[in-house]
Every structure is written in C-alpha cells, then in structure tokens.
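In what follows, every chain begins at residue 1, and chains take the letters A, B, ... in the order their sequences are listed.
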Number of protein chains: 2
Amino acid sequence: MPVTIKDVAALAGVSPSTVSRTCKDHPSISRQTKEKVRQAMAKLGYEPNFQASSLATQNSRTIGIILPPSEWEAYQNAFYLEVIRGISQYCNQRQYINTVITGQNEEEILQVIKNMVRTGLAEGFIVLYSREQDPVLDYLYEEGILYVLVGKAYRNVNQTIYVDNDNVLAGKETAEYLLELGHERIAYLSGDHSLLFNNDRRMGYMLALTERGIGFLPELCVEVPSVPEKQNEVLHALLTRTDRPTAVLVSDDILAVALEKGCMELGLSIPGDVSIISFNNSLLARLTVPSLTSVDVNSCQLGTQAAAQMIEHVENPELVATKIIVPHHLVERDSCAVYKRP
Amino acid sequence: MPVTIKDVAALAGVSPSTVSRTCKDHPSISRQTKEKVRQAMAKLGYEPNFQASSLATQNSRTIGIILPPSEWEAYQNAFYLEVIRGISQYCNQRQYINTVITGQNEEEILQVIKNMVRTGLAEGFIVLYSREQDPVLDYLYEEGILYVLVGKAYRNVNQTIYVDNDNVLAGKETAEYLLELGHERIAYLSGDHSLLFNNDRRMGYMLALTERGIGFLPELCVEVPSVPEKQNEVLHALLTRTDRPTAVLVSDDILAVALEKGCMELGLSIPGDVSIISFNNSLLARLTVPSLTSVDVNSCQLGTQAAAQMIEHVENPELVATKIIVPHHLVERDSCAVYKRP
DNA sequence: CTGAAAGCGCTTACAG
DNA sequence: CTGAAAGCGCTTACAG
C-alpha cells in the first residue's frame, strides 16, 4: 500500500516531521495542525510503514513465542494453543508481531533464537514451558536477552519475569475439595515432574494432606512420563491396590481421560468408586462422561499477561523483573462425589 | 547486536555493496572476494539486519496466520497447534516471520488484517479454516491480497491457493474399511457441516456406501454443531435406534470421545457393539480405551506446505494458484472390529 | 568484478 | 510550534 508520510505531508501542507509527530501525538504540535494532518491521513488511509519505523526506532516490535520441543508429547496440548491465542490477542492490539518458534529439540530451538537475536528481529521471547533445567532458558539468561516465562522460574528467580498460576495453591485447594468430600486416600497423578507445574501442584496436594494430619503416601503419588499407549501399568497398579485411592487429583485433563478409561476397564465407576479432579478445564473436561471437575487456569490470560509484561519491558528496559500470578478457579462437574464408607 | 554491514566491509577491505552481494551469493562477485568477506562475517558474527533488508527490498518476510474466531469452540483443537507448528517450522528455516492473528469474531479479525495490510506488515495470510461462507476470505479475495487456505476452497476455487487433505477420499476409505469389516449400518457423525472438511468426509462416506449398493440413510448422518455439555440427545437417539448402527465414522477425535462415552453410558461396548473410526489421530486417539482407529491427516505437514506455498508466492508473484493435497493414512487401533451377526 | 550513490519510509536531535 | 537534515542498515540500478 504505497501511501507514505510524504503524501500525507503534501496533502496537509506540512513537513514529514510534523506528520510523524502527529502520529505519536507529540505535545509540541499545535491542535490545529494535528487536526489538519489527521484529516489528510484519514483521507489517504495512511498508516505508518512498520518496517521503516522499526528501523528508525530500533525496535522490531516482534516477540518470539517458544513452544516446547516437538519431541515432547506434552506438546500436543491445546493449552499451548490457548496461551498463543492470549499472546496474539494482546500483540494484535498493541501492534506487535509475535512469531512462533519451534524445533524438534532444544538444539534446533536455540539455533532459531540465536539467529533472531543476531538479525535484530526479536526484542524478546516468551517461553511457554518451564522445567528445572533448560538449556534454552539458560542461554537467554546468560546472554541477557529479554524473556518472559509462562510458568514458574526455577533458577535466577529474581531476575526472571514470569507469569504463572499459583499452582501450589491450586493443588492444595483441589486436594482440600476432595478432603471436604470425605476422601482420605487421595492419589496424585501427573506427567513429567521436571515440568514445574506438575511439581507445584503436587506440593499443594501434599500440603493439604499434611495440614489435615493425613500421612502422605509416596505410593499414591504416581508419575506417567509419557502418554500411555495401551493399558498403563502404573495406572493399573494404582487402581488395583487393596487400599485403592478413593479419589485422584490429576495434573492435566488429558491424563485424567487416561485415568477415566483405566477405571472403566477395571469396572470402577466414577465418581462412585473413584472421584477425579483435574486441571486445565479443556474441551475434554466437558466431553467425557462423567464430565470432569477441573481447575480452569485461564490459559488465555496467561498468554495475555505474558505479552503485556513483554511489551512493558521492551518499552521500558529499566523495569525490574515482575511476577504475575493469574487466578484459577474450580469448575465443578460430575467426576467427584462424597466419599461413602464401603 | 550492533555489527553492521559497514563493520564487515571495513574488516574485509571492501565496500558495503560487496558484502551485501556476498550475502546473497551474487554470481558477479569473485570467489576470492567472497571468501574474504565470509571470513570477516564469521569473525564478527554478522547477520544482516532484518528490518533494514525488509525495508530495502520491500518484502516484510512476514506472514499472518489466521485462527478461527475464538467464539467457535472448534477452536480449542490441538489440530490448529500442529498446523501452526508446521508453519513456523518452515518459516523459521526460511527466515520468515509468522504472526498469529486472533479475534473473538470475524469483525475483529478483519480489523487486524486490514491494519497489517496498510502498515505493509504482512505479505500474505494463511487461513486455518475453511467454510462455505466467510467474510475474511471474501475480503482477502476482493482486495487481491495473497492468501493460502488450509482446507478446501469453496468460492473462487481456481484463484485460491489451498493445502488440504483429500477428505472425500479419506472419508471413503474409512467407510470402506468399515464395510470390509462387514458393517453395513454405518453412521456418520460430524461437527458443523459448513466447515468444509466435515462435508467432504461425509461425501466420501456416502460414495463408499453407494458404491456398495447400500442405501444412504439420512437418519444415520448426524451433526453435533457444538460440543455436548452433558448427555447429547442426538447421540443418544442415534445409539438407541432399533436399527442401531454397528459402526460410526466420526469426523474428529474429540467428537469420537463424546461418542465413546455415549456408548459407555448405554452399556454398549466398543468395538463389540459399535465400531468407531475417526479423524486427526490426536493424542486422544491413543489415550482412550479402547484406543481409536483414526486417520492421521498430517496436520503438521499441512502447515509446512501452506508456509511453503505462501513463501513461494511471495517471492514469485507471477505464480499461478496451486492446490496441494497432503496424504493421510489410517492408524489402526482397537476401536473397530469385524461385524458379527447378533 | 567492484564501488559510489540514491533510495526504502520513517524518526528525532538540532535549529529557528 | 515547525522544518531541514542526518540517520536507521540494507539493496541495487548505474557506471566503470
């Protein structure tokens, strides 16, 4: 679209400088001049060229979104889609560009990041996952590159900006919810514990039990690192214990579906025999029968906030690292019931 | 990173023009000079500035990815995430930028698009959904903006570039698969039929039945426009017919889960009483028990191809609209069985 | 085969 | 309050 600042200047009878200043509502331009310029802009449908202004201001207005390496299965979780949606929503309205970065493994991702940094493309990166050790985060930190973590920081906590739920609290609340219903043998089922949210939710769960004076049993804390292909042994073992848990807290809806199925196979009814409560409140939670009581973590808002923090820090580099906690809320459905003595 | 073309030129003892040409491996530069320049580039870790080269070449190297309006539920489908991954993978390696565009409804999306076009930001758009009538597509077409459709074109078929599966064929093959197993009362379950893939898969299904001389029964073609909150009446009605279908072809794994659950409720076993075959081969297909036989549509490759087409057309505007068909393949699992006379 | 120069479309100190 | 000018870092006809 070839209408430039010069065209507007010519039509309004002012200099390009004045047009530029009017665009940013610079205080030194008189009201009348601004009015004149704005009319010209409207008439021509002028919009400043993105590349040119990026170059002049040395701000690319572009932020990278780093997905987990695609070799992780966790990757295929609509949670990330929601976060991306949140990010892009905010970016769209603030006229920032967001670009998704993927790779088979960390090595590939790092390659792309390095390139973007050197070409001056990205002002910063939003990392959509967090775990204890991560070469990508280490690199960003060491190079002093601006980044925002969706999830909790593990290293360099005070120097990293992150946006997260209070997963410890959420884990605690869900466990308490089950306790309120009279359950005592409550299990915890999660994916890879090196992903911090899995760990945090477990901590909350442990806290709740401990506060109630209920011993925490490691055997009831089960980890399923990857999605079970067939019948999962760990799950099966858990559900066939003589002191079978009467309720299970699951760290993700996807896993909860696996658990529901495990119960079905064994002829256990939900919530009759086993209550289930899970996380993410995805489409799945509504789909299964019984539908799942699940914690909505506001994935989209995690994204929005991450983008907001990112842009805030791009434009004000002197700002100090902030931590944002996005609220969660429990959505009650049909997978939990009052515990009845057998 | 402030190492510019001038720094390289100085170090190599040539002019900036020569450095620039070396970067693009221009044939007119002598081998020795190129060598000299490349060494200087390597030494300084030089990478051409993205904004500057965009401005000079008038190519922003940025493509917009248009997600379905977030008011659609269909939206929360990991399928889109996979496509995005495919797109960004290709873009990352070709040094293109992709930016996700979202909005509550078409109106909001259009707003963002118009803005990007006027600021000269996006060279083109990849649209991740296709249905019969769509204001976004109409706009892009009418304005002569470059776009690539993931899915099939409905209007302006010959002028639009699209990347799709052969959904008619896929639908036909899945129906044939069920027919081979001896099923005759086969139902088709899908989401909103105005989404073209739902429609195409149904056509394939009808074709297969017709070829076998089996009458197509409209009552067995069921549409569930939105995800069932609780027990779904349509599903229920389908499964409690006196001439209950012995197999169901479902247009998406997510819906298949709903169907599986409907069966459970009614005490119908899968695949004993009802065989199920579905589409997308998402994580879900592996998770449920029985796991789902599902058609893998290569979502990620749909994205890669779409990006490839996009970039091809950005760089060669004279190219004519291409259609790319990405192959699919059936992944057999445990949800289908040979039909046994009752 | 190589370089000087103009240009891409904005921004912003500097001068008035 | 406004403008002329230099600059952001590349690209590419044009000239040699």
Side-chain angles (χ1 to χ4, degrees), chain A residues 1-38 40-41 44-62 95 97 115-121 123 315, chain B residues 1-38 40-41 44-62 95 97 116-123 315:
Chain A
M1 298 287 106
V3 34
T4 76
I5 206 169
K6 285 186 190 166
D7 302 321
V8 179
L11 180 61
V14 298
S15 76
S17 327
T18 302
V19 177
S20 175
R21 291 192 182 104
T22 304
C23 283
K24 345 207 92 50
D25 206 17
H26 197 102
S28 74
I29 304 292
S30 77
R31 177 179 306 217
Q32 307 103 71
T33 313
K34 273 182 185 163
E35 200 43 53
K36 213 167 44 178
V37 174
R38 287 201 178 114
M41 297 200 306
L44 298 176
Y46 171 74
E47 206 69 53
N49 178 284
F50 190 91
Q51 325 299 326
S53 95
S54 291
L55 182 59
T57 58
Q58 299 284 75
N59 174 1
S60 67
R61 299 181 79 86
T62 300
Q95 307 243 63
I97 288 296
N115 202 290
M116 287 199 175
V117 171
R118 276 214 291 257
T119 58
L121 217 174
E123 297 301 310
E315 299 184 349
Chain B
M1 297 286 105
V3 34
T4 77
I5 205 170
K6 285 186 191 169
D7 302 323
V8 179
L11 181 60
V14 297
S15 76
S17 326
T18 301
V19 177
S20 175
R21 291 193 181 103
T22 304
C23 283
K24 343 206 96 48
D25 205 18
H26 196 102
S28 74
I29 304 292
S30 76
R31 177 180 305 217
Q32 308 103 72
T33 313
K34 273 182 185 162
E35 200 42 55
K36 210 167 47 177
V37 173
R38 288 204 178 110
M41 297 200 304
L44 299 175
Y46 171 74
E47 206 66 55
N49 179 282
F50 190 90
Q51 326 298 323
S53 94
S54 291
L55 182 59
T57 59
Q58 298 286 76
N59 174 0
S60 67
R61 299 180 80 87
T62 300
Q95 306 244 63
I97 287 297
M116 286 198 176
V117 171
R118 276 215 292 257
T119 57
L121 216 174
E123 296 302 310
E315 299 184 348

Side chains of A:Tyr46 and A:Cys23: does their closest heavy-atom pair fall under 4.5 Å?
yes
Tell me, for nucleotides 9-16 of chain C in 5' to 3' order, what letter each nucleotide earns: B for a base near a protein heavy atom under 4.0 Å, S for only sugar-phosphate near one, - for neither?
BBBBBB--
Let me confirm one number: the OG-CZ distance from A:Ser17 to A:Arg21, rounded to the nearest 0.5 Å.
5.0 Å
Contact check, side chains of A:Thr33 and A:Thr22, non-hydrogen atoms, under 4.5 Å
no
When rounded to the nearest 0.5 angstrom, what distance separates CD1 in A:Ile97 from CD1 in B:Ile97?
8.0 Å
Working note: A:Asn49 + A:Thr4, criterion side chain to side chain contact (heavy atoms under 4.5 Å, CB included); need CA distance, chi angles, decisive distance, verdict.
CA-CA 8 Å; A:Asn49 178 284; A:Thr4 76; over 6 Å; no
To the closest 0.5 Å, what do you measure between CZ (B:Arg38) and CG (B:Asp25)?
5.0 Å
Just to be sure I understand: a Watson-Crick pair is purine N1 to pyrimidine N3 plus N6-O4 or O6-N4, both under 3.5 Å. Using that and G-U wobbles, which stems of three or more pairs involve DNA chain C?
C:1-3 with D:14-16, C:5-12 with D:5-12, C:14-16 with D:1-3
Any donor-acceptor N/O pair, B:Arg61 side chain to B:Gln95 backbone, under 3.5 Å:
yes
Looking only at side-chain N and O atoms, does A:Thr18 offer a donor or acceptor that is under 3.5 Å from a partner on A:Ser15?
yes
What distance, rounded to whole Å, do you find between the two C1' atoms, one in D:dG16 and one in D:dT12?
16 Å
Interface residues of residues 28-35 of chain B with DNA chain C (non-hydrogen, below 4.0 angstrom)
B:Ser28, B:Ile29, B:Ser30, B:Thr33
Decide whether A:Glu47 and B:Thr119 meet the rule of one side-chain donor and one side-chain acceptor closer than 3.5 Å.
no
Polar side-chain atom of B:Ser20 near backbone of B:Pro16 as donor-acceptor pair, under 3.5 Å
no
